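To find a chain, count down the sequence lines: A is the first, B the second, and so on, and within it residues start at 1. All figures in this text were calculated on a predicted structure; none of them were measured in a lab.
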Number of protein chains: 2
Amino acid sequence: MTKVELFSKDLQKISGVFKALGHPARLAILQYLAETRVCISGDISNEIPLSRTTVSQHLNELKEVNLIQGEIEGVKKNYCLNAKEISRIKDMLDSFLIKIECIDNQNCQ
Amino acid sequence: MTKVELFSKDLQKISGVFKALGHPARLAILQYLAETRVCISGDISNEIPLSRTTVSQHLNELKEVNLIQGEIEGVKKNYCLNAKEISRIKDMLDSFLIKIECIDNQNCQ
DNA sequence: ATAATATGTCGTATATTTACGTCATTAATT
DNA sequence: AATTAATGACGTAAATATACGACATATTAT
């Protein structure tokens, strides 16, 4: 029933990233990871008003689009932002928005 | 069951926009509207490989976050991009991403 | 007045997301 | 070796999103 495949790989990719950013819990997680550069993993569930398993699920979705990374350290797993990829993603989203903005305004490029 | 309200209005707002952009059909609609500045409404359903009603639903979601506008002209309804709002939205998304990027890199501001 | 055209509304089936508890696993600690 | 702590994996209920057909409404054209 899902007709997502009917659209270009490009649009699928871009919308996938937007989708990952489309939940306040995931934005809160990103903000928290940015603040505590230390990237402690379990503490995220304490910070976010959701159960540990739910947070884990959100973390996976963020990882799927490469916004974050996880690194095992003994029994713990330290999550942190993927700064390089975030920058790339920001450029990607920007260029999409700029493109429709520009075509519409006809005053760029 | 939805716990979206537990997060700040700010995060709710930003994630709402990301969410609206989180489907390839809606991105395709935005691109089409950008190309055909003429903003014909029914033609969108011809361009997009989805039924008229489904497209209409996607249009409503885009309208809800002010990415597009609709203007009735007789029996037709001309949709078009809300350029001013798109620009504002781009700034909003940018500033969110830049913020987490910067905190993370500690090399800006 | 009637027909044709363009949209919107409603109901609904299916798919996906959200949210959580329970159980399994793995690594330190005692 | 047994316990504790930190995660991941799995199953599942409830909420949302996706997709569409059928019907309703409104504005032109005939």
Side-chain angles (χ1 to χ4, degrees), chain A residues 1-7 11-12 15-30 32-33 36 38-65 67-80, chain B residues 1-7 11-12 15-30 32-33 36 38-65 67-80:
Chain A
M1 197 202 226
T2 183
K3 305 213 161 177
V4 167
E5 308 84 31
L6 297 178
F7 299 90
L11 287 188
Q12 286 182 43
S15 65
V17 176
F18 276 129
K19 193 176 181 184
L21 292 168
H23 194 289
R26 292 194 284 271
L27 297 188
I29 289 172
L30 291 176
Y32 181 71
L33 283 178
T36 71
V38 211
C39 314
I40 310 136
S41 143
D43 293 347
I44 301 173
S45 339
N46 298 344
E47 191 68 14
I48 306 290
L50 294 171
S51 80
R52 195 182 59 74
T53 32
T54 302
V55 169
S56 177
Q57 216 171 126
H58 285 305
L59 285 170
N60 276 329
E61 282 173 78
L62 291 171
K63 203 160 58 177
E64 217 122 282
V65 293
L67 280 161
I68 64 172
Q69 292 171 313
E71 186 176 290
I72 296 167
E73 185 192 312
V75 70
K76 296 187 178 182
K77 184 157 187 179
N78 294 330
Y79 281 102
C80 59
Chain B
M1 199 202 225
T2 181
K3 305 216 162 176
V4 167
E5 309 85 29
L6 296 179
F7 298 91
L11 287 187
Q12 286 182 46
S15 65
V17 176
F18 277 129
K19 193 176 179 183
L21 293 167
H23 194 288
R26 292 194 284 271
L27 297 188
I29 289 172
L30 292 176
Y32 182 70
L33 284 177
T36 72
V38 212
C39 314
I40 310 136
S41 144
D43 293 348
I44 301 172
S45 340
N46 297 346
E47 191 68 15
I48 306 291
L50 294 171
S51 81
R52 196 182 58 73
T53 32
T54 301
V55 169
S56 177
Q57 216 172 128
H58 285 305
L59 285 170
N60 276 328
E61 283 172 79
L62 291 172
K63 205 161 55 177
E64 218 122 283
V65 293
L67 279 161
I68 64 172
Q69 291 171 314
E71 187 176 291
I72 297 166
E73 187 191 310
V75 71
K76 296 187 179 181
K77 185 158 188 179
N78 293 330
Y79 281 102
C80 60

What I'd like to find out is whether the side chain of Phe7(A) reaches to under 4.5 Å of the side chain of Leu50(B), using heavy atoms alone. yes
dG8(D) C1' sits how many Å from Glu71(A) CD, rounded? 17 Å
May I have the distance from Lys76(A) (atom NZ) to dA5(D) (atom P), rounded to whole angstrom? 12 Å
Verify, without hydrogens or angle tests, whether Ser56(B) (side chain) and Arg52(B) (backbone) share a donor-acceptor contact under 3.5 angstrom. no
Out of the candidates His58(A), Glu61(A), His23(A), only one should pair with Ile29(A) under the side-chain contact (heavy atoms from CB on, under 4.5 Å) rule; please name it. His58(A)
Would Glu47(A) and Ile44(A) count as a side-chain contact (heavy atoms from CB on, under 4.5 Å) here? Give the steps. CA-CA 5 Å; Glu47(A) 191 68 14; Ile44(A) 301 173; 5.5 Å; no
Here the gap from Leu30(A) atom CG to Leu11(B) atom CG, rounded to the nearest 0.5 Å, amounts to 10.0 Å
Start and end of chain A contact along DNA chain C [non-hydrogen atoms, under 4.0 Å]: dA13(C) to dA28(C)
For Tyr79(A) and dG8(D), is the shortest distance between a side-chain N/O and OP1 or OP2 below 4.0 Å? yes
Quick one: closest heavy-atom pair of Ala20(B) and Arg26(B), and the distance? O-NE, 2.6 Å
Closest non-hydrogen contact found for Ile48(B) with Ala28(B) is CD1-CB, 3.7 Å
Assign a letter to each nucleotide of nucleotides 17-27 of chain D from its 5' end: B, base within under 4.0 Å of a protein heavy atom; S, sugar-phosphate only; -, no contact. SBBBBB---BB
Begin with the C-alpha distance, continue with both residues' side-chain angles, and end with the deciding distance and a verdict on side-chain contact (heavy atoms from CB on, under 4.5 Å) for Asp43(B) and Thr36(B). CA-CA 10 Å; Asp43(B) 293 348; Thr36(B) 72; over 6 Å; no
Any Ser56(A) side-chain N or O less than 4.0 Å from OP1/OP2 of dT7(D): no
